[in-house]
Amino acid sequence: MQHDSWMQRSFMATFELYRRSTIGMCLTETLDEMVSSGILGPELAIQVLVQFDKSMAEALDTQVKTKVSIKGHLHTYRFCDNVWTFILQDALFKYDECQENVGRVKIVACDSKLLSQ
């Protein structure tokens with residue numbers, strides 16, 4: 001994925017965590033191609049990404065009701081700029097009646113109250 005200057009001019013009005021998800025990366029690549037080919041202006045592309053960030057946070061807050069428990073071996077943890085990062089090895093995710101084993105998982109957690117400041 002190419003990181004043009006239009007993406008670098010974006011300021012952090014919301015958490016940009018979901019941009020690294022599969023759908024977020026596909027959206028970013030598509031916007032990058034549209035800006036590069038002149039179909040879309042950089043300012044509109046930034047507005048789309050900011051709206052994506054807000055919509056993802058709102059959807060997860062209001063529509064996801066499933067509780068998940070996670071157990072694993074803590075490999076690394078970090079707290080920087082009000083963001084926690086945890087890397088777990090041999091993690092076990094339990095939800096509803098299901099469980100999944102994951103060899104290595106990175107969890108990034110931010111305080112959603114910081115969005116309203």
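Fair warning: this is a prediction, and the values are worked out from it, not measured in the lab.
Phe86 and Val83 fall into different hydrophobic clusters, defined by Ile, Leu, Val, Met, Phe, Trp and Tyr side-chain heavy atoms under 4.5 Å apart, directly or through other members. Residues Ile107 and Ile87 do not share a hydrophobic cluster, defined by chaining ILVMFWY side chains whose heavy atoms lie under 4.5 Å apart. Val108 and Val68 fall into different hydrophobic clusters, where Ile, Leu, Val, Met, Phe, Trp and Tyr side chains are chained together by heavy-atom contacts under 4.5 Å. No continuous path of ILVMFWY side-chain contacts below 4.5 Å connects Val105 to Val64, so the two sit in separate hydrophobic clusters. Linking ILVMFWY side-chain heavy atoms closer than 4.5 Å, directly or via other members, places Leu92 and Val102 in two distinct hydrophobic clusters.
The nearest pair of heavy atoms linking Leu44 to Leu40 is CD2-CD1, 3.2 Å. Between Glu100 and Tyr95, the closest heavy-atom pair is CG-OH, 3.9 Å. Summarising the geometry of Arg20 relative to Met25, their closest heavy-atom pair is O-SD, 3.5 Å, with the distance given to 0.1 Å. Across every non-hydrogen atom of Met56 and Tyr18, the tightest pair is CB-CD1, 3.5 Å. Residues Val35 and Ala45 approach most closely at CG2-CB, 3.7 Å, considering heavy atoms. Residues Val50 and Arg19 share a closest heavy-atom pair of N-NH2, 3.8 Å.
Within a 6.0 Å radius of OH in Tyr77, other residues, nucleotides and ligands contribute 12 heavy atoms or fewer. More than 12 heavy-atom neighbours from other residues, nucleotides or ligands sit within 6.0 angstrom of CD1 on Ile39.
Side chain to side chain, Thr62 and Glu58 fail the donor-acceptor criterion of an N or O pair below 3.5 Å.
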With side chain to side chain contact (heavy atoms under 4.5 Å, CB included) as the criterion, how do Phe52 and Ile23 come out once you've worked through the C-alpha distance, each side chain's angles and the decisive distance to 0.1 Å? CA-CA 10 Å; Phe52 171 75; Ile23 192 170; 4.0 Å; yes

Are Thr85 and Lys106 close enough, and set up right, to give a side chain to side chain contact (heavy atoms under 4.5 Å, CB included), and what steps lead you there? CA-CA 7 Å; Thr85 303; Lys106 179 178 181 180; 3.7 Å; yes

